[in-house]
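A short worksheet on the structure shown next.
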There are 2 protein chains.
Amino acid sequence: MAEDRDMPVIDLQDSGKRAALFERIRRDHSVEIAEDYVELIADLIETNGEARLVDLADLLGVSRPTVNNTIQRLQKEGYVESKPYRSIFLTDKGRAVAEHARQRHHMVLDFLHTIGVPADIAEADAEGLEHHLSEQTLDCLARATEALKKASGHGDNQS
Amino acid sequence: MAEDRDMPVIDLQDSGKRAALFERIRRDHSVEIAEDYVELIADLIETNGEARLVDLADLLGVSRPTVNNTIQRLQKEGYVESKPYRSIFLTDKGRAVAEHARQRHHMVLDFLHTIGVPADIAEADAEGLEHHLSEQTLDCLARATEALKKASGHGDNQS
DNA sequence: ATATAAATTTAGCCTATGCTAAGTTTGCGA
DNA sequence: TCGCAAACTTAGCATAGGCTAAATTTATAT
């Protein structure tokens, strides 16, 4: 069991590089919620014709005031638009983010299904993963998914 | 490319299921930081013999008081132990979490390398992804990595 | 031995995200 | 039309995670 195991080998010298990684994580967090909201708002508008605060709260599992707060932040940041007591709309910026988020969501889900993760677990994990993929990783993931599909179904592909 | 595309199809009926997914995300967030700290503390102890607050702060890219706050929370939650003005130690619980986190980190990194993500991008993405993988997905990911390695190098491709 | 530097802690502030309880507005039905 | 219920907002609170500035403690070097 004497592999290379860990080799953490921390350069206390240049901690800046490592610090930058964590900085990205922290930055991502604030974007994550925006993406979840915006994606859900897009879905609601498509299926219901409008996005109401009360539906968002139910679907997100948080209280109405919480949604209200966040919507106001998202409005300040230019993702959504809404007038008091009216339903919520996406700005162009918001729509772009929603579309992007949805693409990533589909891709991650497709990948997870392809490697054999059960549907419900895939749904849950995708929700967490989709916010942490760079464009390049997304590309590689798409190619890997294709490769795996071909490899597994080379004789006969089910589904 | 006219696939099934979106099909959001929101069940306003049972929003509980969807809400549970987001609840998991929120819960994960509080665990994420704990994992990052604990993993880093383990690395520091291995390489330096001890984990000092000042090194953690530098490596994480946050201020010393911030680390101090978090360490105190982690102590309350039973991950670490430290007496005032002394360096930081892991509890058994903390060591277990660190080991688990490290395994996941390695696995994610191995996978990302295998699908051709450049090393520096893989490092950055792994940092975000590793906290959002269920055990089952981790298993599937390990198998997929093996499959891809075999597939790409089955004749004798270089590296 | 003691001054000084380095490390840690405390105090006080900010923002984001949650909450409940208590107003307002809107809109529908009688 | 007008009252009431549902939807939304405001107010006030909590926690987590950031920060800077100012103690305080520890360790080092002369």
Counting primed atoms plus P, OP1 and OP2 as sugar-phosphate and everything else as base, spell out the protein contacts along nucleotides 6-14 of chain C at 4.0 Å heavy-atom distance: B, S or - for each nucleotide, 5' to 3'. -SBBB----

Paired with B:Tyr37, the side-chain contact (heavy atoms from CB on, under 4.5 Å) test is passed by just one of B:Thr70, B:Val80, B:Leu90, namely B:Thr70

Taking side-chain contact (heavy atoms from CB on, under 4.5 Å) as the criterion, tell me which of B:Asp110, B:Leu112, B:Val108 meets it with B:Thr145. B:Asp110

Residues pairing under salt bridge (Lys or Arg N to Asp or Glu O under 4.0 Å) where one sits in residues 70-94 of chain B, two or more places apart or in two chains, turn out to be B:Arg73-B:Glu77, B:Asp92-B:Arg95

Residues that A:Val97 engages under side-chain contact (heavy atoms from CB on, under 4.5 Å), provided they are two or more places apart: A:Glu35, A:Val38, A:Tyr79

Output yes when at least one side-chain N/O atom of [X] is less than 4.0 Å from OP1 or OP2 of [N], else no.
X	N	result
B:Arg73	D:dG17	yes
A:Thr66	C:dC19	yes
A:Ser63	C:dC19	yes

Among all residues two or more places apart in sequence or in another chain, which pass the ring pair (Phe, Tyr, Trp, His ring centres under 6.0 Å) test with B:His131? none

Please name all residues satisfying ring pair (Phe, Tyr, Trp, His ring centres under 6.0 Å) with B:Phe111, sequence neighbours left out, ordered by chain then number. A:Phe111

Rounded interatomic separation in angstrom, taking [atom1] from [X] and [atom2] from [N]:
X	N	atom1	atom2	value
B:Asp36	D:dG17	CG	C1'	13 Å
A:Ile33	C:dT15	CD1	P	17 Å
B:Leu56	D:dG17	CG	C1'	16 Å
A:Glu35	C:dT17	CD	P	13 Å
A:Glu50	D:dA7	CD	C1'	11 Å
B:Ile25	C:dG18	CD1	C1'	16 Å
B:Leu74	D:dG17	CG	C1'	12 Å
A:Phe22	D:dA16	CZ	P	20 Å

What pairs of residues pass the side-chain hydrogen bond (donor to acceptor under 3.5 Å, both in side chains) test when at least one of them lies in residues 119-129 of chain A, not counting sequence neighbours? A:Asp125-B:Arg24, A:Asp125-B:Ser134, A:Asp125-B:Thr137

